[in-house]
Amino acid sequence: MSYKAEYIWIDGTEPTAKLRSKTRIISDGAEPDTWGFDGSSTNQATGHFSDLVLRPVATYPDPIRGGSAVLVLCEVFTVDDKPHGSNTRALLRPVAERFAGQEPLFGIEQEYTFFQGSRPLGFPEAGYPAPQGGYYCGVGADEIFGREIVEKHLDNCLAAGLTISGINAEVMPGQWEFQVGPLNPLDVADQVWIARWLLYRTAEDFGVSATLDPKPAKGDWNGAGAHTNFSTKAMRAGYDAIIEACEALGRDDRPREHIRQYGAGIEARLTGAHETAPWNEYSYGVSNRGASVRIPWQVEVDKKGYIEDRRPNANADPYVVTRLIVGTCCSALDEAFLV
């Protein structure tokens, strides 16, 4: 007997990487091992030296095929066993290991938008739908579009063993969100990528596409983000660490460094309107969705908990986002509380 393994990896498309996958048949009892692919077709190599290597890093039950089939998340390496330049997971690994003692945890809120043809799902063929407002967490066929896809995606994520903590409709027709976590940096980023693959694959069966475009509809519509909730052991124990993490994210050139790597097209989304802070200004505040970083009201009441970085785009790379936040906040917390 044998089983199907869907090898999944992140390509080299710029400015926003895409997911790729292909199927391998593996003998029963054998584990998925390294495999190869044509990097010249994925923006990761040239045609005269195109072989690249897929190295499995995480395996999940395949809810699409069922049975013994699996999804195999891979890192991309060169044939001389070096991480490829597009392999952002390899950059996160040493940072996550360095600060593992602080027990960083993340919850990522992945927003996305369904499209049918060239228009968001639920937009009429001519003109525009009613203004945003009633769609958020709404109910009813006049306000909710794509729920059957969302429910199937949720079932598929759960069947794959992902740590999905919730879903909700967002403020624009056809716009939704799922949340992954709380998990450590590597696990949360791995699972966001797998959940994205499952989103695209699930929507495919309905003849609908899903996009992570940060501003899928121009005009008076909210963009799509990946709000990133973060805490460490110290932050979960005391409020001083909460404030230090917020301050650290705003020091020196850190705001510019983060914004530059928080997803392509971020200026179109972070305008200061539609529950965002301006992309070129850093701020934090309690219960303030117009700030760069929000401290939830319950955190201020409890004097401990987590913060929400509201700046990452929906199309941001979670390996990059978690690396930047851990590197910035945990370094500052080391200096402030552990020296």
Side-chain angles (χ1 to χ4, degrees), residues 6-13 15-21 54-60 71-77 83-100 102-112 153 157 160-166 177-201 210 212 214 224-232 245 249 257-264 266 306-330:
E6 191 71 12
Y7 278 59
I8 299 169
W9 73 98
I10 301 156
D11 77 1
T13 301
T16 302
K18 298 170 62 176
L19 284 161
R20 308 281 183 141
S21 71
L54 296 174
R55 179 177 293 176
V57 294
T59 302
Y60 309 87
L71 304 176
V72 184
L73 181 64
C74 302
E75 286 190 30
V76 177
F77 279 73
H84 187 268
S86 63
N87 184 350
T88 53
R89 189 181 191 276
L91 299 176
L92 170 61
R93 279 189 278 114
V95 177
E97 291 169 5
R98 176 184 172 189
F99 295 108
Q102 290 197 37
E103 300 178 20
L105 291 176
F106 285 90
I108 296 181
E109 305 170 24
Q110 177 68 71
E111 296 178 344
Y112 60 93
H153 174 247
C157 287
L162 304 187
T163 306
I164 298 291
S165 52
E177 173 187 299
F178 62 84
Q179 302 98 33
V180 177
L183 292 164
N184 67 56
L186 279 169
D187 285 345
V188 77
D190 286 348
Q191 292 196 20
V192 167
W193 277 114
I194 290 295
R196 287 175 175 179
W197 186 90
L198 284 169
L199 174 65
Y200 301 142
R201 179 62 186 81
L212 305 184
H227 301 152
T228 301
N229 301 286
F230 169 73
S231 71
T232 65
L249 289 168
E257 177 188 3
H258 284 232
I259 284 293
R260 183 173 56 84
Q261 300 180 73
Y262 271 7
I266 201 162
Y306 67 97
I307 60 175
E308 177 194 43
D309 191 336
R310 297 181 56 79
R311 295 171 295 170
N313 269 354
N315 61 359
D317 181 343
Y319 294 130
V320 173
V321 172
T322 55
R323 173 174 57 81
L324 289 169
I325 293 176
V326 167
T328 295
C329 294
C330 289

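Just so you know, residue 1 is the first one in the sequence shown, and it goes up from there.
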Do the non-hydrogen side-chain atoms of [X] and [Y] ever get within less than 4.5 Å of each other?
X: Pro318; Y: Val188; answer: no
X: Thr13; Y: Arg20; answer: yes
X: Leu162; Y: Leu198; answer: yes
X: Ile325; Y: Phe106; answer: yes
X: Leu54; Y: Val76; answer: yes
X: Leu92; Y: Pro185; answer: yes
X: Leu212; Y: Gln110; answer: yes
X: Val326; Y: Gln102; answer: no

Just say parallel, tilted or perpendicular for the rings of Tyr112 and His153, cut-offs at 30° and 60°.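 The arrangement is perpendicular - the two ring planes meet at more than 60°.
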So which atom in [X] and which in [Y] form the shortest heavy-atom distance, rounded to 0.1 Å?
X: Tyr262; Y: Ala316; answer: O-CB, 3.2 Å
X: Pro104; Y: Phe99; answer: CD-O, 3.4 Å
X: Cys329; Y: Ala245; answer: SG-O, 3.8 Å
X: Pro83; Y: Ala90; answer: CB-CB, 3.7 Å
X: Asn184; Y: Leu105; answer: N-CD2, 4.0 Å
X: Ile10; Y: Ala17; answer: CG2-CB, 3.5 Å

Between Ile307 and Asn229, does the side chain to side chain contact (heavy atoms under 4.5 Å, CB included) criterion hold? Intermediate values first, please. CA-CA 6 Å; Ile307 60 175; Asn229 301 286; over 6 Å; no
Give the C-alpha distance, both sets of side-chain angles, the deciding distance and a yes or no for side chain to side chain contact (heavy atoms under 4.5 Å, CB included) between Asp190 and Tyr60. CA-CA 11 Å; Asp190 286 348; Tyr60 309 87; 3.6 Å; yes
Donor-acceptor pair, Asn315 side chain versus Ala264 backbone, under 3.5 Å?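 Judged by distance alone, yes, a pair lies under 3.5 Å.
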From the options Val57, Asp317, Val320, select the one residue that forms a side chain to side chain contact (heavy atoms under 4.5 Å, CB included) with Arg89.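 Answer after filtering Val57, Asp317, Val320: Val57.
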From [X] atom [atom1] to [Y] atom [atom2], the distance as rounded to the nearest 0.5 Å:
X: Thr228; Y: Arg310; atom1: OG1; atom2: CZ; value: 11.0 Å
X: Glu109; Y: Glu177; atom1: CD; atom2: CD; value: 4.5 Å
X: Tyr319; Y: Glu75; atom1: OH; atom2: CD; value: 7.0 Å
X: Thr322; Y: Leu186; atom1: OG1; atom2: CG; value: 7.0 Å
X: Leu73; Y: Glu6; atom1: CG; atom2: CD; value: 12.0 Å
X: Gln179; Y: Ile108; atom1: CD; atom2: CD1; value: 11.5 Å

Considering the options Trp9, Tyr7, Trp197, which one meets the side-chain hydrogen bond (donor to acceptor under 3.5 Å, both in side chains) requirement together with Ser21?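 The option that passes is Trp197.
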Cation-pi geometry met for Arg55 and Phe77 (6.0 Å, 45°):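 So Arg55 does make the cation-pi contact.
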